[in-house]
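For reference, the structure is listed below as structure tokens.
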Amino acid sequence: MTNNEWVAAERDVELPGDVEAMDSADVVSRQLIAVYPELRSQNYARLVTNEEGDEICRVPLALLH
């Protein structure tokens, strides 16, 4: 979601815990900017939530190297 708009289809992936979810978000985000480096400059972030919809973490693409 960016500026409160979804820019990609939602996809549910169940992971055993918050740490694994944060690690997965980091890996997927790095893969995404490797393919689409222009996304770094557009304030996109990967959002991870739990089953209740509470935010676990947010990975801003602009901050990844």
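Computed from a prediction, not measured in an experiment: that's the story for all the values here.
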Straight-line distance of Cys57 SG to Asp23 CG, nearest 0.5 Å: 9.0 Å
Within-4.5 Å side-chain heavy-atom neighbours: Asp54 and Thr49: no
Nonpolar side-chain network containing Val19, other nodes, edges under 4.5 Å: Met22, Val48, Ile56
side-chain contact (heavy atoms from CB on, under 4.5 Å) against Leu32, all qualifying residues, sequence neighbours excluded: Tyr36, Leu39, Leu61
Residues which pass side-chain contact (heavy atoms from CB on, under 4.5 Å) with Ser24, listed by chain and number, not counting sequence neighbours: Leu15, Val28
Path from Leu63 to Val27 over hydrophobic side-chain contacts below 4.5 Å: no
Minimum-distance pair of heavy atoms, taken over all atoms of Ala45 and Pro60: CB-CA, 3.9 Å
Partner residues of Arg30 under the side-chain hydrogen bond (donor to acceptor under 3.5 Å, both in side chains) criterion, sequence neighbours left out: Asp26
Contacts of Glu52 that satisfy side-chain hydrogen bond (donor to acceptor under 3.5 Å, both in side chains) - sequence neighbours left out: Asn50
Listed partners of Glu55 passing salt bridge (charged side-chain N to carboxylate O under 4.0 Å, His left out), at least two apart: Arg58
Neighbour count >12 (heavy atoms, 6.0 Å) for atom CD, Glu51: no
